[in-house]
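Structure first, commentary second.
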2 protein chains.
Amino acid sequence: MTEIEESIAEESPDVAHDIPDIVIGRLPIYLRALMRMVEEGDKVTTSSQELGDRLGVSSAQIRKDLSLFGDFGKQGTGYHINYLVQQLQRILKLDREWPVAMVGAGFLGHALANYGGFKNRGFRVAWIFDNDPETVGQKIGGIMVRHVDGLERVLRREKVQIAMLAVPATAAQELADRLVASGVRAILTYAPISINVPEGVKVQYSDPVAQLQRMTFYLDV
Amino acid sequence: MTEIEESIAEESPDVAHDIPDIVIGRLPIYLRALMRMVEEGDKVTTSSQELGDRLGVSSAQIRKDLSLFGDFGKQGTGYHINYLVQQLQRILKLDREWPVAMVGAGFLGHALANYGGFKNRGFRVAWIFDNDPETVGQKIGGIMVRHVDGLERVLRREKVQIAMLAVPATAAQELADRLVASGVRAILTYAPISINVPEGVKVQYSDPVAQLQRMTFYLDV
DNA sequence: CACCAATCGTGTAACATTTCACAATTGTAG
DNA sequence: CTACAATTGTGAAATGTTACACGATTGGTG
């Protein structure tokens, strides 16, 4: 699902070495379902079976994925939900709040900057950049929009590692280059174009049209 | 594969069931890059090598993927860009314009409905639904927002097969059920929750937080 | 015309991922 | 205290995906 072209992962101090990226991609999904169970509050433990049923994944896959990081479950009873949430947050380095830069404050950047869903999931939109004089200076979700000219200085100074890119396709590669040059190591881009980044930088793509196109193949006329 | 199976596959009008979904997922990316080449307009042909370099994919993978659908290239010269675009559009059933329903006209649904990028890529936001009396009746991108109560009637009547879902997590499953019951077969959802749908219905997920979480694993602290 | 560089399509090998199936462990009920 | 149902973690088998390597074909050049 997901799109192709991601840079190769650097090693993490912990266990990162031989964990397949495809497994890493499933952990946020597990975490999301587990946090939902916490909210529901009607159970203390769950099983790989129950979790898998909710997510449409086999129980064996969940057990195997989790076993790459440790023994989190208990035979006969399953997984303690709160404990597993904690462990997944630790593995994914979500036991902190990452400041994120939003580049592009058009319709989409505006909507995402306002999105309340980052809270409690590890992220906070901390800076917003745009190149439109009308937009610069306005506040979005309590954050002042800065001119994109100051991007390098701010990101370097604040050691920002994560950025979201919501600019036109024509500007995406240049801005990605500037983000990388400013120390950003993870980019979530909404521009409908593949961008090239050096090794060690991760890119995730979100192109609604490409996602729709992936489904029409299966539709009847 | 035996010879018999091979010839059946060749003659079968419906090649869909032997094609891995992961290949289908790459075709829109190829198409996107090829359409960009068309826009650039400086070349008539391209090669699997050039395309792969742009996308960070091996040339062999591109050749193998395409070869599942036919022989589109020519030894020595590569692929005729316009022809390959046409073929990919045909394969992905993008040689028409699919009407899409947008469910949820909050910040995100609003932004997506306004997004100009659907044009010329096979889609058109044709209906917008919301449950907020303030929003219903307003126009977004020239489309009148209807009350979600009328969803079933409209989608059935218009035979809509594709929907985008931009509603809170708590409402997502119920609305997905209603979409499916109304004949929708492909759902692109922005709600941060896994939804369950019957066989034959495709779902694509776009949860910005999950995508960010997938990258933090690789970041240094 | 003969040669050569470019490039495809593809069989096969290598590698990656998922599923299976079961011993081991746990908590519970009688 | 024992029997049992639930459930994990995991080695091995099955399945799926990618990369390699090469014959075949093409168009261009001398």
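Chain letters run A, B, ... following the sequence lines, proteins first, then strands; residues in each count from 1.
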In this structure, how many angstroms lie between the [atom2] atom of [N] and the [atom1] atom of [X], rounded?
X	N	atom1	atom2	value
B:Ile24	D:dG16	CD1	P	16 Å
B:Gln61	D:dC20	CD	C1'	13 Å
B:Phe72	C:dT10	CZ	P	11 Å
B:Leu51	C:dG9	CG	P	13 Å
A:Ile62	C:dT19	CD1	C1'	14 Å
A:Asp21	D:dT18	CG	C1'	16 Å
A:Leu68	D:dT8	CG	P	15 Å
B:Asp65	D:dG16	CG	P	16 Å

Sugar-phosphate only, base, or nothing, as touched by A:Ser59 at under 4.0 Å among non-hydrogen atoms: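 No contact at all - A:Ser59 keeps every heavy atom at 4.0 Å or more from the nucleic acid.
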I'd like a list of close polar pairs between nucleotides 12-16 of chain C and the protein, N/O only, cut-off under 3.5 Å.
residue : atom : partner : partner atom : Å
C:dT12  : O4   : B:Lys64 : NZ           : 3.1

Short side-chain N/O contact to [N] OP1/OP2 from [X], under 4.0 Å:
X	N	value
A:Tyr79	D:dA6	no
B:Arg63	D:dA21	no
A:Ser58	C:dT18	no

Side-chain heavy atoms of B:Glu158 within contact of B:Trp127, under 4.5 Å: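 A side-chain contact under 4.5 Å exists here.
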Contact check, side chains of B:Ile162 and B:Leu188, non-hydrogen atoms, under 4.5 Å: no
Please enumerate all protein N or O atoms sitting under 3.5 Å from an N or O of nucleotides 24-27 of chain D, with distances to 0.1 Å.
residue : atom : partner : partner atom : Å
D:dA24  : N3   : B:Gln75 : NE2          : 3.3
D:dT25  : O4'  : B:Gln75 : OE1          : 3.4
D:dT25  : O4'  : B:Gln75 : NE2          : 3.4
D:dT26  : O4'  : B:Gln75 : O            : 3.2

Where at least one partner belongs to residues 112-122 of chain A, residue pairs that pass side-chain hydrogen bond (donor to acceptor under 3.5 Å, both in side chains), sequence neighbours excluded: A:Arg121-B:Asp207
[Y] versus [X], side-chain donor and acceptor atoms under 3.5 Å:
X	Y	result
A:Arg63	A:Ser67	no
B:Arg214	B:Gln211	no
A:Asp65	A:Gln61	no

Does [X] [atom1] have over 12 foreign heavy atoms under 6.0 Å away?
X	atom1	value
A:Phe123	CZ	yes
B:Lys93	NZ	yes
B:Phe107	CZ	no

Of the listed nucleotides C:dT19, C:dG9, D:dT8, the one nearest the side chain of B:Ser67: C:dG9
